[in-house]
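Reading through the structure tokens given below for one structure.
Values in this document were obtained by computation on a predicted structure and should not be read as measured data. Sequence positions, counted from 1, serve as the residue numbers for this chain. The figures here come from the full heavy-atom set of this structure, side chains too, leaving out hydrogens, waters and symmetry mates.
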Amino acid sequence: MVTRVDLSVVTLSGDTALRVLFIGGTGVISAAAAQRAVAVGHRLTILNRGSETLRPAPEGAEVLKADIRDTASVRAALGNRMFDVVVDFVAFTADHVAADIELFTGRTGQYVFISSASAYQKPPARLPILESTPLRNPFWQYSRDKIACEDLLVKAYREDGFPATIIRPSHTYDRTMIALTGGWTD
């Protein structure tokens, strides 16, 4: 269920600037995405613990301090806000995603889950790896947890229409971390 979504056309608020919430927002993947979101004019809110110094939130983003694992503090920080898009960069287990589904049902037009290309079948039965490649990685618990997250999101979409998009990045790096070398080829 990896899809390319162009949300610049449809927003809950009816204008062209999206109301976007990044959970995390200062990591390897999310920091660059946050900078880009602000650069193209979206109204970005970043929800995190406020402890990152290596990749600070971009100027122009609103930062809300709360621990995503503390539902009460997140509810207090968000209040009654609605978002066109919610992207969770720090959900790693099915419990994390279940909490997100509860928090954001009826509050977002699209929920984006950052999974991992490591969730694809290992070893692959055939190459190249495609979106239709089965999800199965008996070698790494992290990957199995991401698969469980995806399964929960697919179920929430099929049963309740929860608007989910799953993204499976592979080689991730930024100005602070070089790309992996040595044969990793998702």
Side-chain angles (χ1 to χ4, degrees), residues 1-5 20-37 46-57 66-71 73-74 85-105 108 110-159 162-186:
M1 187 158 90
V2 178
T3 60
R4 181 170 182 232
V5 179
V20 180
L21 173 67
F22 280 5
I23 302 168
T26 56
V28 171
I29 299 170
S30 61
Q35 289 177 351
R36 180 70 179 149
I46 294 174
L47 182 125
N48 63 32
R49 295 177 306 225
S51 59
E52 178 60 54
T53 58
L54 186 60
R55 298 176 204 92
D67 184 342
I68 190 62
R69 306 296 171 241
D70 179 355
T71 305
S73 74
V74 172
V85 182
V86 171
V87 185
D88 193 336
F89 292 93
V90 296
F92 300 106
T93 68
D95 288 344
H96 297 164
V97 169
D100 281 357
I101 291 169
E102 183 180 326
L103 275 168
F104 298 109
T105 293
T108 186
Q110 193 66 36
Y111 173 88
V112 179
F113 171 67
I114 306 301
S115 185
S116 171
S118 71
Y120 286 119
Q121 181 182 50
K122 303 291 182 283
R126 68 183 186 104
L127 294 173
I129 293 174
L130 305 170
E131 185 177 338
S132 59
T133 299
L135 301 181
R136 183 177 185 279
N137 186 334
F139 306 108
W140 196 9
Q141 185 61 48
Y142 169 84
S143 305
R144 291 190 299 276
D145 288 342
K146 288 289 191 172
I147 292 166
C149 293
E150 290 192 29
D151 289 344
L152 187 58
L153 285 167
V154 169
K155 181 180 181 204
Y157 168 74
R158 288 185 175 152
E159 292 180 3
F162 185 74
T165 296
I166 296 167
I167 297 176
R168 298 185 191 117
S170 183
H171 303 290
T172 59
Y173 60 94
D174 71 354
R175 64 178 172 75
T176 70
M177 182 190 312
I178 62 169
L180 291 174
T181 59
W184 287 95
T185 55
D186 284 329

### Task
Classify the angle between the aromatic ring planes of H96 and F92 as parallel (below 30°), tilted (30 to 60°) or perpendicular (above 60°).
perpendicular

### Message
Please find the pair of heavy atoms, one from G24 and one from N48, that lie closest to each other, and give the distance.
### Response
O-ND2, 2.8 Å

### Query
side-chain contact (heavy atoms from CB on, under 4.5 Å) between Q121 and I129: does it pass, once the steps are laid out?
CA-CA 9 Å; Q121 181 182 50; I129 293 174; over 6 Å; no

## Note on the structure
Between N137 and S118 the two heavy atoms that sit nearest each other are ND2-O, 2.8 Å

### Task
Compare all side-chain heavy atoms of V87 with those of I167 and state whether any distance is below 4.5 angstrom.
no

#### Entry: Distance-minimising heavy-atom pair for A37 and F22
CB-CZ, 4.5 Å

### Message
Around atom CZ of R49, are there more than 12 heavy atoms from other residues, nucleotides or ligands closer than 6.0 Å?
### Response
no

### Message
Would you say that L135 contacts Y120 through its side chain, given a criterion of any heavy-atom pair below 4.5 Å between the two side chains?
### Response
yes

### Message
Which heavy atom of K146 sits nearest to which heavy atom of S116, and what is that distance?
### Response
CG-CB, 4.4 Å

### Message
On a heavy-atom basis, which atom in E150 and which in F113 lie closest, and how many Å separate them?
### Response
CG-CE2, 4.0 Å

### Message
Rounded to the nearest 0.5 Å, what separates atom CD1 in I114 from atom SG in C149?
### Response
12.0 Å

### Query
What residues, two or more places apart in sequence or in another chain, satisfy ring pair (Phe, Tyr, Trp, His ring centres under 6.0 Å) together with F104?
none

### Minimal non-hydrogen separation, T133 against P128, with atom names
OG1-O, 4.4 Å

#### Entry: Value rounded to 0.5 Å, distance of CG in D100 from CG in D95
11.0 Å

### Query
In this structure, are over 12 heavy atoms from other groups packed under 6.0 Å from R36 atom CZ?
no

### Task
Report the residues that fulfil side chain to side chain contact (heavy atoms under 4.5 Å, CB included) with A148, sequence neighbours left out, ordered by chain and then residue number.
A94

### Query
What do you reckon, is CZ of R136 surrounded by more than 12 foreign heavy atoms closer than 6.0 Å?
no

### Mutual orientation of the aromatic rings belonging to F162 and Y111 [parallel < 30°, tilted 30-60°, perpendicular > 60°]
tilted

### Query
Is there a side-chain contact (heavy atoms from CB on, under 4.5 Å) between I166 and E131 once you walk through the steps?
CA-CA 11 Å; I166 296 167; E131 185 177 338; over 6 Å; no

### Query
Do I68 and L103 have side chains that get closer than 4.5 Å, going by heavy atoms?
yes

### Message
Quick one, L54 and T26 - any side-chain contact, counting heavy atoms below 4.5 Å?
### Response
no

### Task
Ignoring hydrogens and angles, tell me if any N or O in the side chain of Q110 forms a donor-acceptor pair with the backbone of V85 under 3.5 Å.
no

